[in-house]
Asker: 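This is the structure I have questions about; it appears just below.
The chain is numbered in sequence order, starting from 1. For clarity, every value in this text was computed on a predicted model and none was experimentally measured. Counting convention: from 1, in listed order, for ligands and their atoms alike.
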Amino acid sequence: MSEDRAPGFATLAVHAGAKPDPTTGARATPIYQTTSYVFNDVDHAASLFGLQAFGNIYTRIMSPTSAVLEERIAALEGGTAALAVASGHAAQLVVLHALMQPGDEFIAARQLYGGSINQFNHSFKSFGWNVQWADINDISTFEKAVSPKTKAIFIESIANPGGVVTDIEAIAAVAKRAGVPLIVDNTLATPYLCRPLDFGADIVVHSLTKFIGGHGNSIGGIIVDGGKFNWTATNRYPFLSEPRPEYNGMILGETFGNFAFAIACRVMGLRDLGPAISPFNSFLILTGAETLPLRMQKHSDNAKAVAEYLSKHPKVTWVSYAGLPGDRCYKLAQKYCPKGAGAVLTFGVEGGEAAGVTLVSTVKLFSHLANIGDTRSLIIHPWSTTHSQLTPEQRKAAGAGDDVIRLSVGIEDAADIIADLDQALAAT
Ligand SMILES: *Cc1c(COP(=O)(O)O)cnc(C)c1O
């Protein structure tokens with residue numbers, strides 16, 4: 001293999017960031033289950049604390065196991081650096097903490113994971129970070145929401161729960177005109193299906209809990225720095241453009257160039273807010289990442305087969321899956337995720353609430369739970385579970401009407417997945 005050959009995605013998924021352990025020769029990345037690291041001497045300690053040298057100090061801020069995960073996901077997304085954190089929600093918190101001051105605004109798509117809508121509407125408001133909602137079906141709503149206080153735009157590439165695809169390039173153009181970074185939650189697509197940085201995004205976040213970890217066994221999140229945003233062009237982002245008193249007046253945006261954002265999130269977000277990922281979870285998620293391309297292709301192929309089956313079933317009133325020709329997002333899916341539209345889809349079952357409850361109670365292979373991105377096929381009836389505290393009107397507005405069923409299609413045999421749905425639909 002020639003030296004200048006750029007490795008492909010599947011090769012990076014297995015190798016990026018990892019070398020045999022220098023001390024033991026261990027080929028798999030070890031779990032560095034330690035809280036802290038011994039300094040060589042006092043000068044070494046001072047240079048680590050002063051950001052004059054890179055090295056390990058304390059596992060709240062970094063870990064050699066997580067460092068491999070960070071390098072791997074940065075390589076898969078085409079970013080310059082990454083920061084692993086405790087969960088997808090922690091990633092969103094740490095990113096906005098680096099960008100927002102009390103009284104600032106950010107614009108977010110309405111079409112988001114329900115937990116993100118709660119986080120933005122309630123907890124972030126109590127920090128004085130004010131969300132302005134926009135609609136991915138009408139890009140002008142993003143343009144109209146821009147104000148002098150806007151510090152960022154936040155969207156999902158493929159949006160949970162409807163499996164709708166966002167026009168990343170169009171929203172990146174709005175962000176560019178406004179002079180603010182575009183943050184894309186790429187959890188549902190993963191970099192195997194879509195790389196938002198290639199379409200003008202500046203920062204990518206993930207819930208690693210879902211498809212990248214992929215096995216339903218560990219919570220984690222990550223922030224990927226695209227490396228292109230100019231943080232020191234204005235004084236809008238003081239964390240990056242103003243001298244940091246605790247680091248001897250260092251200006252992070254100048255000192256760390258195209259990975260300054262990842263550094264700012266680490267040395268301020270992780271240091272002060274504290275949502276560190278456990279090295280054990282980083283190990284499990286790294287193991288999952290090695291098979292990401294194989295699993296995502298299988299998830300997408302299975303989901304397409306299931307969507308085709310459902311779209312012909314007499315008791316199914318509608319199917320929303322961007323991978324189906326004729327779906328309103330099919331054209332966007334062909335552009336942004338041509339290898340497949342992912343694992344998550346929704347459909348309507350005839351007979352409303354009673355039929356939905358029967359369906360989730362009668363499946364055998366599917367697990368009835370509130371998660372996505374497991375190897376196993378998962379099902380939920382949001383009306384009677386995740387959205388049951390809302391009024392019927394609120395449930396409908398959130399896309400969780402009484403007939404809506406959400407699937408996260410697993411990597412079992414497609415024929416078995418379809419047979420399970422078939423017997424459960426027959427019981428409705
Ligand atoms: C699950 C999820 C999150 C939150 O991630 P956690 O790891 O559960 O904190 C954020 N965004 C999307 C799209 C998700 O599916």
Side-chain angles (χ1 to χ4, degrees), residues 66 69 73 77 82-97 106 108-124 131 136 152-166 168 183-194 196 201 203-224 269-270 273-278 280-282 284-285 288-289 292 296 299 303 322 336-337 341-346 369-374 378 380 382 385-387 398-400 406-410:
S66 304
L69 176 62
I73 305 301
E77 287 285 5
L83 177 67
V85 294
S87 67
H89 268 12
Q92 295 168 191
L93 168 66
V94 169
V95 161
L96 288 173
H97 173 257
F106 68 105
R110 284 184 191 289
Q111 292 79 7
L112 292 188
Y113 173 64
S116 302
I117 294 176
N118 273 334
Q119 189 189 41
F120 295 177
N121 264 339
H122 303 294
S123 295
F124 284 2
V131 62
I136 59 170
I153 299 180
F154 188 101
I155 60 172
E156 289 179 9
S157 48
I158 297 180
N160 194 351
V164 291
V165 178
T166 306
I168 301 171
I183 307 160
V184 180
D185 179 341
N186 199 30
T187 299
L188 263 69
T190 82
Y192 175 72
L193 296 178
C194 174
I203 298 161
V204 170
V205 293
H206 280 281
S207 169
L208 297 172
T209 314
K210 313 293 168 55
F211 296 98
I212 293 183
H215 295 70
N217 59 20
S218 28
I219 303 276
I222 203 159
I223 299 158
V224 181
L270 213 44
L273 302 175
I277 190 168
S278 125
F280 184 62
N281 277 17
S282 289
L284 290 172
I285 293 165
L292 178 67
M296 277 324 279
H299 276 298
Y336 290 106
C337 41
V344 178
L345 63 96
T346 53
L369 53 74
N371 189 26
I372 56 167
D374 197 315
L378 313 176
I380 198 158
T385 56
T386 48
H387 289 63
R406 185 188 78 191
L407 305 181
S408 174
V409 178

Asker: Going by the atom numbers of ligand 1, which of them fall below 4.0 Å from some non-hydrogen atom of Q92?
Answerer: 10 (C), 11 (N)
Asker: I'd like to check F124 versus F106 (side-chain heavy atoms, cut-off strictly below 4.5 Å). Are they in contact?
Answerer: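 Yes, side chains in contact.
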Asker: So do V224 and N186 actually touch side chain to side chain, heavy atoms under 4.5 Å?
Answerer: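 No, their side chains stay 4.5 Å or more apart.
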Asker: With a 4.0 Å cut-off on heavy atoms, does A86 reach ligand 1?
Answerer: no
Asker: State the atoms of ligand 1, each with its element, that fall below the 4.0 Å cut-off from a heavy-atom position in G220.
Answerer: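 Answer, ordered by atom number: 7 (O).
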Asker: Is the closest side-chain heavy-atom distance between S157 and I168 below 4.5 Å?
Answerer: yes
Asker: Is the closest side-chain heavy-atom distance between I158 and V344 below 4.5 Å?
Answerer: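 Of all side-chain heavy-atom pairs linking V344 with I158, none is under 4.5 Å.
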Asker: Considering only the protein, which heavy-atom contact is closest to atom 8 (O) of ligand 1, and what is its distance?
Answerer: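 I find the closest protein heavy atom is S207 OG, 4.1 Å.
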Asker: Who's closest to atom 2 (C) of ligand 1 heavy-atom-wise, of H89, K210, H206?
Answerer: K210
Asker: With atoms numbered from 1 as shown, which atoms in ligand 1 lie under 4.0 angstrom from a non-hydrogen atom of S87?
Answerer: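 So the answer, numbered in order with elements, is 7 (O), 9 (O).
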Asker: How far is atom 6 (P) of ligand 1 from its nearest protein heavy atom, and which residue and atom is that?
Answerer: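 It is G88 N, 3.4 Å.
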Asker: For atom 11 (N) of ligand 1, which candidate among D185, I219, V344 holds the nearest heavy atom?
Answerer: D185
Asker: Write down the atom of I212, the atom of P191, and the distance for their closest heavy-atom approach.
Answerer: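 The answer is CD1-CD, 4.2 Å.
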Asker: Taking 4.0 angstrom as the limit and counting only heavy atoms of I372, give me the atoms of ligand 1 inside it, by number and element.
Answerer: 15 (O)
Asker: The criterion is side chain to side chain donor-acceptor pair (under 3.5 Å); which residues satisfy it with N371, sequence neighbours excluded?
Answerer: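 Partners of N371 by the side chain to side chain donor-acceptor pair (under 3.5 Å) criterion come out as none, since no residue qualifies.
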Asker: Would you indicate whether the side-chain heavy atoms of I277 and V85 approach each other to under 4.5 Å?
Answerer: no
